4 protein chains.
Amino acid sequence: MGPDASRRSDRARRAILSATRDLVAEVGYTRLTIEGIASAAGVGKQTIYRWWHSKAAVLFDAILEVNSQEEGRVALPDTGDLESDLRLVLRGTVATLIEPANDRLQRAVTAEIQTDTVVAEELVRRLLRPQLDACAERIKIGIRAGQVDGSVDAGLAVELLFGPIFHRWLLRTGELDQTFADGVLDMVLKGLRPR
Amino acid sequence: MGPDASRRSDRARRAILSATRDLVAEVGYTRLTIEGIASAAGVGKQTIYRWWHSKAAVLFDAILEVNSQEEGRVALPDTGDLESDLRLVLRGTVATLIEPANDRLQRAVTAEIQTDTVVAEELVRRLLRPQLDACAERIKIGIRAGQVDGSVDAGLAVELLFGPIFHRWLLRTGELDQTFADGVLDMVLKGLRPR
Amino acid sequence: MGPDASRRSDRARRAILSATRDLVAEVGYTRLTIEGIASAAGVGKQTIYRWWHSKAAVLFDAILEVNSQEEGRVALPDTGDLESDLRLVLRGTVATLIEPANDRLQRAVTAEIQTDTVVAEELVRRLLRPQLDACAERIKIGIRAGQVDGSVDAGLAVELLFGPIFHRWLLRTGELDQTFADGVLDMVLKGLRPR
Amino acid sequence: MGPDASRRSDRARRAILSATRDLVAEVGYTRLTIEGIASAAGVGKQTIYRWWHSKAAVLFDAILEVNSQEEGRVALPDTGDLESDLRLVLRGTVATLIEPANDRLQRAVTAEIQTDTVVAEELVRRLLRPQLDACAERIKIGIRAGQVDGSVDAGLAVELLFGPIFHRWLLRTGELDQTFADGVLDMVLKGLRPR
DNA sequence: AGTTAATCGAGACGGTACGTCAAGTCTTTAC
DNA sequence: GTAAAGACTTGACGTACCGTCTCGATTAACT
């Protein structure tokens with residue numbers, strides 16, 4: 001049998017995730033080691049291996065614990081003005097990505113999912129998908145309100161909004177800032193308007 | 001002093017880059033090791049360390065050697081029909097990304113540039129930027145030909161085209177295929193049309 | 001903290017020392033490597049580095065484990081006849097030195113203590129000193145028995161006995177055999193006799 | 001063919017031997033490297049490999065160049081007083097051994113000849129043998145002068161004199177000083193006197 | 001409340017790869 | 001042809017972590 005979760009030490013769990021966050025911010029993902037986490041958390045290595053199957057899995061939980069508010073129901077504000085609602089979301093996304101502590105954590109996970117498709121699947125399911133879906137939902141409301149052309153595929157539109165932002169951030173093709181987010185939004189909205 | 005490049009063994013250089021490509025495709029970037037490259041290439045480790053400062057740098061040169069045709073002048077076809085010209089490029093990009101051997105190589109580099117900004121800068125300068133710029137150039141021609149609205153920022157438009165594609169591919173938010181590329185193109189072009 | 005000796009694997013310890021003895025006899029000290037010992041003993045390199053600080057220290061323990069009977073109480077035979085007692089010891093020393101397996105081991109340590117004074121100190125304290133002292137003790141008995149002149153410094157006399165033997169063996173100034181040992185003994189005894 | 005000695009650069013030869021002496025004194029034999037010698041001497045490595053077959057051979061020549069006065073005819077003083085003549089020699093030997101610069105050089109060679117019997121043979125032939133023989137010659141004179149018993153084997157007597165001194169020095173069984181040399185001489189002479 | 005069994009901190013173990021150093025060989029250019 | 005220079009392959013160094021394993025010492029659930 002696997003480990004018995006009911007006996008799990010919550011003290012150890014929290015110390016591990018917290019140490020992981022601190023260490024990634026400090027030394028980066030590449031130099032993050034299981035031994036380093038264990039010793040920083042005052043924990044035996046086996047305790048980590050018992051509950052997580054990889055360094056990436058630990059890191060991912062460490063991120064989730066922080067972003068937990070975004071789990072479950074994610075909903076966009078609906079002020080009636082689609083443009084300003086989307087602008088708020090895009091600017092929030094940019095702000096999160098460029099905030100230094102988050103930047104490192106997020107990049108680490110992104111690098112890892114290039115290799116580890118299990119973690120990738122979980123990342124999409126628990127963090128990205130809800131966000132994208134919520135955004136698509138808001139656009140559909142816009143369609144019903146006549147602010148967006150009826151022929152528009154809301155899911156695709158959302159990817160047009162987030163894609164360029166992540167592209168800049170991940171591939172470092174230019175500086176990522178609010179101006180860029182606004183530019184993307186304006187151009188995409190042009191394509192969405194009813195004709 | 002650093003090493004004397006004029007005495008560099010071309011035989012060794014090529015064997016290293018070739019072995020690197022083979023090994024990444026075979027075992028992936030994470031399990032790619034300098035020792036593995038050296039032994040597969042029939043080369044001393046020191047010869048690798050003499051000319052490259054990291055595993056990523058070797059890999060990057062390994063990719064460049066293959067994509068070298070894309071270096072220098074990159075120009076898009078200009079059939080007069082902007083839409084079909086761009087469609088060709090986007091479909092080509094998608095085809096390259098999903099081709100298995102390339103997929104691994106490209107993901108490895110992308111993972112690496114999350115950490116190594118030196119390699120990131122070089123990747124952008126030598127591979128991505130030329131491609132993006134060439135594409136922007138083609139759009140500017142479209143503007144002059146009246147196919148695209150004069151107020152459009154060509155550089156931004158290009159990122160709207162490539163961003164969503166890389167987003168899907170890197171974050172694995174959905175399947176990346178030609179249909180998706182076509183969808184992106186259609187929606188973006190709607191926003192570019194003169195009004 | 002240093003390693004915790006109570007957790008030390010005796011299996012590994014013995015395998016290392018045994019492999020070391022085999023390898024020195026086989027390839028000699030110069031070509032003896034930590035990696036070679038580790039792999040012959042089926043042990044990780046770190047396990048060697050954890051418990052010994054140098055190749056010489058391992059070798060030295062490997063010798064001690066074999067010569068352990070000589071540790072602690074070393075006493076010479078006392079048949080009442082000083083000459084024949086000493087002859088026995090000197091011949092034994094010569095026999096040990098020229099026995100091929102021992103020869104290599106012993107030369108290796110001797111070479112090493114030219115450089116490593118820590119090992120030198122330990123070698124003297126645990127192997128040579130007890131032997132020399134035991135021999136001096138026997139000579140003192142000879143003094144009390146009136147077989148040796150009362151003015152003789154027993155410690156010095158012992159060095160006159162062993163010195164020439166080791167000199168021949170280490171500097172290879174001539175062939176070392178029992179005849180030589182007998183010659184040394186005879187001449188030294190002449191100087192020891194009461195007048 | 002081997003190298004042509006007539007074309008040999010004396011400048012290089014001297015620089016190599018001098019650098020070798022400096023380096024042994026500085027870092028010891030173990031950390032003495034061919035590369036280090038080459039670079040300190042401003043010489044290509046190949047120049048060393050061309051003319052010497054091992055590190056020990058270089059070192060040995062480096063020593064010989066300095067001790068060259070002892071080569072060829074070595075003769076002891078003959079004041080008519082055997083005891084004081086021998087005392088002079090023994091004290092000189094001790095003085096040489098304990099002089100720091102010499103100590104390192106000499107120990108290095110001694111360590112090396114435990115392994116390299118070719119160098120050992122040359123060391124004995126060119127340095128030790130002449131010294132020992134000269135000393136034996138002086139003792140034979142003592143025999144003819146009636147100061148030493150006619151039955152004495154002069155060669156053996158010499159080894160009784162030098163053996164204990166080298167024994168102390170090489171095995172570090174005690175402090176080597178002039179007092180010890182005197183003690184050895186006195187005790188040996190007792191055994192040599194005619195009865 | 002006492003027993004029992006899993007988890008805990010700790011850290012040794014057999015390994016793999018690291019990045020460095022030096023060995024001895026080979027090639028190039030200058031004298 | 002020898003010399004200086006230095007790149008080359010090879011192999012060992014000593015270190016850092018890997019993931020597994022064993023050791024008491026808790027600790028939490030079940031008699």
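Convention: sequence-line order gives letters A, B, ...; per-chain numbering from 1. Note that the structure is a prediction, hence the values are computed from the model and not measured.
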Answer with yes or no whether Arg7(B) presents, from its side chain, a donor or acceptor under 3.5 Å of a partner atom in the base of dT28(E).
yes
Here the gap from Ile63(C) atom CD1 to Glu65(C) atom CD, rounded to the nearest 0.5 Å, amounts to 11.5 Å
Heavy-atom donor-acceptor pair, Gln46(C) side-chain to dC13(E) base, under 3.5 Å
no
Nearest-angstrom distance from the residue atom CZ of Arg50(B) to P of dG6(F)
12 Å
Output the rounded distance in Å from CZ (Arg13(C)) to P (dC13(E)).
12 Å
So how far is it from Arg172(C) CZ to Arg107(C) CZ, rounded to the nearest 0.5 Å?
3.5 Å
Could you state the OH-P distance from Tyr49(B) to dC8(F), rounded to the nearest angstrom?
16 Å
So, is Trp52(B) close to the dG19(E) phosphate, meaning a side-chain N or O under 4.0 Å from OP1 or OP2?
no
Report yes if a side-chain nitrogen or oxygen of Arg11(B) is closer than 4.0 Å to either non-bridging phosphate oxygen (OP1 or OP2) of dT9(F); otherwise report no.
yes
How far apart are the closest heavy atoms of Ala56(B) and Asp116(B), and which atoms are they?
CB-OD2, 4.3 Å
Could you tell me how far apart Arg8(A) (CZ) and dT26(F) (C1') are, to the nearest whole angstrom?
18 Å
Sugar-phosphate, base or nothing in reach of Ser6(B), heavy atoms under 4.0 Å
nothing
Heavy atoms only, 4.0 Å cut-off, all strands: where does Gly36(B) land among base, sugar-phosphate and nothing?
nothing
Can you find an N or O donor on one side and an acceptor on the other, under 3.5 Å apart, linking the side chain of Lys45(C) with the base of dG15(E)?
no
So if I take every side-chain heavy atom of Asp4(C) and compare against dT9(F), dT7(E), dA12(E), which nucleotide ends up nearest?
dA12(E)
Separation of dA10(E) C1' from Ile37(A) CD1 (nearest whole Å)
17 Å
Please give, in whole Å, the distance from dC13(F) C1' to Lys55(C) NZ?
11 Å
Within less than 4.0 Å of OP1 or OP2 of dA7(F), is there a side-chain N or O belonging to Ser9(B)?
no
When Arg13(C), Gln46(C), Arg8(C) are each screened for side-chain contact (heavy atoms from CB on, under 4.5 Å) with Trp51(C), the one that passes is Arg8(C)
Output the rounded distance in Å from CG (Asp10(A)) to C1' (dT27(F)).
14 Å
With a 4.0 Å cutoff (strictly under), does any side-chain N or O of Arg31(D) reach OP1 or OP2 of dC13(F)?
no
side-chain N/O Thr33(C) vs dA12(F) OP1/OP2, d < 4.0 Å:
no
Would you mind telling me which residue lines up with the more 5' stretch of DNA chain E, Ala12(C) or Ile34(D), judged by nearest nucleotide?
Ala12(C)
Does a nitrogen or oxygen in the side chain of Trp51(B) sit under 4.0 Å from OP1 or OP2 of dC8(F)?
yes
